[in-house]
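Report on the following structure.
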Protein chains: 2
Amino acid sequence: MNITIKDIAREAGVSYSTVSKALNDSPLVKPDTKIKIVKLAKEMGYEPNFAAQRLVSKQSKTIGLIWPSIERVALSTLITNINEKITENSYSMILSINSIKASLEMFRRFQVDGVIVFEENNTLTKSELHHLTSIPTVSYGVPGNDVFPVIDVNWQQALYDAVYYLYNLGHRKITYIGDFSPTDPRQMEKYDGFKLAFKELNLPMNDHSVINTGGLDWYDGYVATTRLLQSSTRPSAIIGSSYDISSGIIRALREAKILIPKEVSVLGYDNIPQMGTLETPLTSVGVPVEKIASTIVQSLMKLIVDKESIPSVQTLTPELTERISCAQTIGK
Amino acid sequence: MNITIKDIAREAGVSYSTVSKALNDSPLVKPDTKIKIVKLAKEMGYEPNFAAQRLVSKQSKTIGLIWPSIERVALSTLITNINEKITENSYSMILSINSIKASLEMFRRFQVDGVIVFEENNTLTKSELHHLTSIPTVSYGVPGNDVFPVIDVNWQQALYDAVYYLYNLGHRKITYIGDFSPTDPRQMEKYDGFKLAFKELNLPMNDHSVINTGGLDWYDGYVATTRLLQSSTRPSAIIGSSYDISSGIIRALREAKILIPKEVSVLGYDNIPQMGTLETPLTSVGVPVEKIASTIVQSLMKLIVDKESIPSVQTLTPELTERISCAQTIGK
DNA sequence: TTGAAAGCGGTACCAG
DNA sequence: CTGGTACCGCTTTCAA
């Protein structure tokens, strides 16, 4: 049997409502008494009963994150970041790897104060919506769902900016290496941004402008680059569509003894700190994870306070972080 | 305001204790009434208040999993499996990616019925132990901690068995490619198993018997293999120390146009279903994840019922699963 | 400042 | 079988 405020009250010779107030740092209790009680509580090893607290206060100070597909690592950096932000807000985060529906049910039971959903192409059914009505939820991912607010990233602009940046450094032969499976709208958006910039800048699109890796792994970038290098024309700059692909690109370039950025500039999409710790610290575009994380968490916090407080879609603007992988070029 | 059993009681014209019984399928209530109440509850959209239930019943029917390092993917398959097993036992699983200590505190608040800890080289402090005394916990990982029961894997035997298996197929030139950072006791154990078998079988250890990749990634296996192939002597069989490294090995072999298993046999450590879906379905040794998962969950379930019911260390025996990557060889 | 008491939403025991 | 009722541990009026 755990020790309760009643035990403390008895020991301290006060009523248990006073103990409750003291422990909650209420101004309604004399400082002396407060100090005495708090001290005593600690001595006695008091631990508040959360269930009881929740029963009356209807708040759990925890938010639930639904992540149905842990096997996709890409998001773990973001999740780690979100966890930190949540902790800073003195909330706790619990994670569920079940289906959205099952997770939602569980979170409801736990009375979490808010939910973050990582969609992963999941379309929600009516019955899932039912639950959502009551509990503040935001989602990260593809917009177009009108159920709850979405935090989105302007992928198109990221690639658009990347091209302009390289162009301004004098690059004209730019190759974009990425995965363009039409199933992933984010990849398509990036591609669109690339094309748009090319068009505006009057750069010619040819066989070497874009390489479809057909995969998102390190190795896919590696192979694509190796093949690219065997062809007659070598680009002066390469853009990698993800962290993994970009590291494959670097690897291939290094093996071919091509200097970065002296001979070829490389720019990567994604804005995670790891970009800076690659063999060659990579100049990159993308919304910094840290920013995505704080936007998600802040939006949710607002939503918890006021249901109508945030817009249904927030699109974050990518930033370009210069490191050492891109340089001016003289050649056209 | 949510609807409660009292609302239902009023509506049904019975006392609310009867409603409680009916909803819990108690035999103490007449079937007719029970049916009526249950139906009514559903109509009214009744959802039990978990906090209230827990306050009195002291059970949450959920178990918490502490996974401080989501960035290491290796474990996600196992975690997915564990989650399934837990669900089968009609419990729920919540995950925390905080430090063991912070996670434990949170789980205590939620009154989870049990905890699973993935250690990751973490040594626990006294203050953490304090919490552990009360709540049933098992851990997966390195033994040698006397705080709570550990589910362990006999890594040594896995490699030992692997060598014998290949030996019996006629292989004499066997290379083990893996990461032998002395910081990871599991890797060292595997290495020991390999050496032991070599010794028993009187196989000569030389420069090509073991290759230290210095990393656990795909690419590390790839590079190591490529280098190995450039040397004069080619092994007749290669053992990869993990799923990722093994796939790197396969990749390198394929690129070098070496046929598996005709020219070189490959055997991988790890026993996850993905082994079978590699470019070349890999024969592998290891404890099947599914088995690790069920052992962990079952042990915890027992522990919840009876604190003293399970041994402090359970070492699981690896199994060898034959697929198509190993073949008989004639050469010595 | 402090204490008494009324719930929060259930469960479980006891009496009828 | 059904209803009454005493808690579970804590927060929060409301009086004193």
Side-chain angles (χ1 to χ4, degrees), chain A residues 1-42 44-62 105 108-113 134-135, chain B residues 1-42 44-62 105 108-113 134-135:
Chain A
M1 184 56 89
N2 265 312
I3 119 148
T4 76
I5 46 173
K6 285 183 188 170
D7 302 322
I8 300 177
R10 199 183 319 112
E11 205 73 19
V14 297
S15 80
Y16 71 85
S17 53
T18 304
V19 175
S20 171
K21 285 169 202 154
L23 260 20
N24 288 303
D25 202 25
S26 156
L28 297 175
V29 58
K30 192 162 60 174
D32 292 356
T33 347
K34 195 184 290 183
I35 293 173
K36 190 178 80 182
I37 292 177
V38 170
K39 185 161 156 286
L40 192 58
K42 188 168 293 174
M44 298 177 69
Y46 168 72
E47 300 255 13
N49 181 316
F50 204 48
Q53 285 180 326
R54 292 237 299 286
L55 182 56
V56 38
S57 72
K58 273 120 172 69
Q59 266 214 35
S60 64
K61 278 287 180 185
T62 108
E105 256 153 32
R108 266 187 62 84
R109 288 201 330 230
F110 277 116
Q111 292 177 219
V112 300
D113 297 337
S134 53
I135 159 164
Chain B
M1 183 56 86
N2 264 314
I3 120 145
T4 76
I5 46 172
K6 286 182 187 171
D7 302 321
I8 300 177
R10 198 183 319 112
E11 204 73 18
V14 296
S15 78
Y16 73 86
S17 55
T18 303
V19 175
S20 172
K21 284 171 204 153
L23 260 19
N24 288 301
D25 201 24
S26 155
L28 297 176
V29 60
K30 194 163 59 175
D32 292 357
T33 344
K34 194 185 292 182
I35 293 172
K36 190 177 81 183
I37 294 177
V38 170
K39 185 161 157 284
L40 192 58
K42 188 168 295 174
M44 299 176 68
Y46 168 72
E47 300 255 14
N49 180 315
F50 205 45
Q53 286 179 325
R54 293 237 299 286
L55 181 56
V56 39
S57 72
K58 274 120 173 70
Q59 265 213 37
S60 64
K61 277 287 182 185
T62 107
E105 255 153 34
R108 265 187 62 84
R109 288 200 330 232
F110 278 116
Q111 293 177 220
V112 300
D113 297 337
S134 53
I135 159 162

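If you're wondering where the values come from, they're calculated on a predicted model, not measured in any experiment. The sequence lines fix the lettering, A, B, ..., with proteins before strands; numbering per chain opens at 1.
Listed nucleotides: C:dA5, D:dT12, D:dG9. Nearest to the side chain of A:Asn49: D:dG9. Of the candidates D:dG3, C:dG3, D:dG9, D:dG9 carries the atom nearest the B:Lys58 side chain, counting heavy atoms from C-beta on. When each of C:dG10, C:dT1, D:dG9 is scored by its nearest atom to the side-chain atoms of A:Leu28, the top-ranked nucleotide is C:dT1. In this structure, the nucleotide among C:dG10, D:dT2, D:dC10 sitting nearest to the side chain of B:Thr33 is D:dT2. Each of C:dT11, D:dG9, D:dT12 was ranked by its minimum atom distance to the side chain of B:Leu55; first place goes to D:dG9. Taking the side chain of B:Tyr46 as heavy atoms from C-beta on, and the options C:dG10, C:dA4, D:dG9, the nearest nucleotide is C:dG10. Among the nucleotides C:dT11, D:dC1, C:dT2, the one closest to the side chain of B:Asn24 is C:dT11. Closest contact between the side chain of B:Ser15 and the listed nucleotides D:dG3, D:dC10, D:dT12 involves D:dG3. Each of C:dA4, C:dG9, C:dT11 was ranked by its minimum atom distance to the side chain of A:Ser17; first place goes to C:dA4. Nearest nucleotide to the B:Pro31 side chain, out of D:dG9, D:dC1, D:dG3: D:dC1.
One atom, CZ of A:Phe50, and another, C1' of C:dC8, lie 15 Å apart when rounded to the nearest Å. The separation between B:Gln53 atom CD and D:dG9 atom P is 17 Å, rounded to whole Å. C:dT1 atom C1' lies 15 Å from atom CD1 of A:Ile35, rounded to whole Å. Atom-to-atom, CZ of B:Arg108 to P of D:dG9 comes out at 13 Å; the value is rounded to the nearest Å. The CZ atom of A:Arg54 sits 14 Å away from the P atom of C:dG10 (whole-angstrom rounding). Taking atom NZ on A:Lys30 and atom P on C:dG3, their separation rounds to 10 Å, with Å as the unit. To the nearest angstrom, C1' of D:dG3 lies 13 Å from CD1 of B:Ile5. Per the geometry, NZ belonging to A:Lys36 stands 15 Å off P belonging to C:dT1, to the nearest Å.
The two residues A:Ser60 and A:Val112 make their nearest non-hydrogen contact at OG-CA, 3.2 Å. Residues A:Gln111 and B:Ala51 share a closest heavy-atom pair of OE1-CB, 3.6 Å. B:Val38 approaches B:Ala22 most closely through the heavy-atom pair CG2-O, 4.2 Å. Closest of all the heavy-atom pairs between A:Pro48 and A:Gln53 is CB-NE2, 3.5 Å. Contact record, B:Tyr46 with B:Ile3: CD1-O, 3.3 Å, taken as the closest heavy-atom pair. The minimum heavy-atom distance between B:Leu55 and A:Ala52, with the atom names listed, is CD1-CB, 3.6 Å.
Within the nucleic acid shown, B:Val56 comes within 4.0 Å of at least one base atom, counting heavy atoms only. Among the heavy atoms of the strands, none lies under 4.0 Å from B:Ser57.
Side-chain N/O atoms of B:Lys21 and base N/O atoms of C:dG10 include no donor-acceptor pair closer than 3.5 Å.
Residues A:Thr18 and A:Lys6 each lie close to DNA chain D; by heavy-atom proximity, the contact nearer the 5' end of the strand is made by A:Lys6.
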